[in-house]
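Have a look at the structure below, then the notes.
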Amino acid sequence: MIHYQLRCGQDHGFDGWFKDSATFEQQARLGLIECPECGGVEVERALMAPAVSRRAAPPVLVEPPQPPAAAASPPAEAPVAVPAEVKMAGGRIPAQIVAVLQRIRAEVEKNCDYVGADFADEARKIHNGETEPRSIYGEATEEDAESLAEDGIDIGRIPWVPRADG
């Protein structure tokens, strides 16, 4: 995933997360990116400072391929306290985004196996059929993540914010 600071034609700034730069370009060209303030679709990347992390990389998540499922009702959302803003490498994350990330974290922890620093090795074993397919999460270095991507193993990174209950 790649994070961009974006700016609309009315000069409103906002964030966007995309699979890669080509995905951003395609969505922008098709008018699929909308300014949350004015609804404008004339969006371009804004100047950004590089994000330099001083701590371990955020947990990485891999989902095994799932067979198509019949339409089901979405799970009920647990109430989550909206915390004060959380600081990340690129600045502060708004409280509403933190609350969503906390719900994502809770779902990941509830439905996936934590494999810690063995994430890259375990993801490869699952991908190669050496281990039973299952959803996992853990830590990976930037080099591990790039190597997994080069091997055709899809992973996703999510900002790992403090738990809602802690």
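- What you find for Glu34 and Gly39 is that their closest heavy atoms are CG-O, 3.3 Å.
- With salt bridges taken as basic N to acidic carboxylate O contacts below 4.0 Å, none links Glu107 and Arg103.
- With sequence neighbours left out, Asp118 forms a side-chain contact (heavy atoms from CB on, under 4.5 Å) with no residue at all.
- Arg124 approaches Ile153 most closely through the heavy-atom pair CG-CD1, 3.8 Å.
- Between Tyr137 and Trp160, a ring centre-to-centre spacing shorter than 6.0 Å is recorded.
- Across Arg157 and Ala145, no two heavy atoms sit closer than the pair NH2-CB, 2.8 Å.
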| request: For the pair Val108 and Tyr114, evaluate side chain to side chain contact (heavy atoms under 4.5 Å, CB included) and give the outcome as yes or no after the intermediate values. | output: CA-CA 9 Å; Val108 168; Tyr114 178 70; over 6 Å; no

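- A salt bridge does not link Arg7 with Glu42: every distance from a Lys NZ or Arg NE/NH1/NH2 to an Asp or Glu carboxylate oxygen is 4.0 Å or more.
- The shortest side-chain heavy-atom distance between Cys112 and Ile136 does not fall under the 4.5 Å cut-off.
- Side-chain atoms of Asp20 and Thr23 include a donor-acceptor pair closer than 3.5 Å.
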| message | side chain to side chain donor-acceptor pair (under 3.5 Å), that's the test. Do Tyr4 and Glu44 meet it? Break it down for me. | response | CA-CA 9 Å; Tyr4 286 135; Glu44 60 184 30; over 6 Å; no

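- Taking CG of Leu6 as the start and CG of Asp15 as the end, the distance is 7.5 Å to the nearest 0.5 Å.
- Here the closest heavy-atom approach between residue Ala140 and residue Phe119 is recorded as CB-CD2, 4.0 Å.
- Between Ile33 and Val41 the shortest side-chain heavy-atom distance does not fall below 4.5 Å.
- With rounding to the nearest 0.5 Å, the separation of OG in Ser135 from CG in Asp113 is 8.0 Å.
- Checked for salt-bridge contact, Glu25 and Arg45 meet the test: a charged N lies under 4.0 Å from a carboxylate O.
- Within 6.0 Å of CD on Glu130 lie more than 12 heavy atoms contributed by other residues, nucleotides or ligands.
- Taking all atoms of both residues into account, the shortest heavy-atom contact from Cys35 to Cys38 is SG-N, 3.5 Å.
- Side chains of Glu122 and Thr131 form a contact here, defined as non-hydrogen atoms less than 4.5 Å apart.
- For the atom pair CD1 of Ile158 and CH2 of Trp17, the computed distance is 10.5 Å after rounding to the nearest 0.5 Å.
- Put simply, the side chain of Arg163 reaches to within 4.5 Å of the side chain of Glu109, judged on heavy atoms.
- Smallest separation of non-hydrogen atoms from Pro162 and Gln102: O-NE2, 3.0 Å.
- Using cut-offs of 30° and 60° for the angle between ring planes, the Phe24 and Phe18 rings count as perpendicular.
- From Asp154, atom CG reaches atom NZ of Lys19 across 6.0 Å, with rounding to the nearest 0.5 Å.
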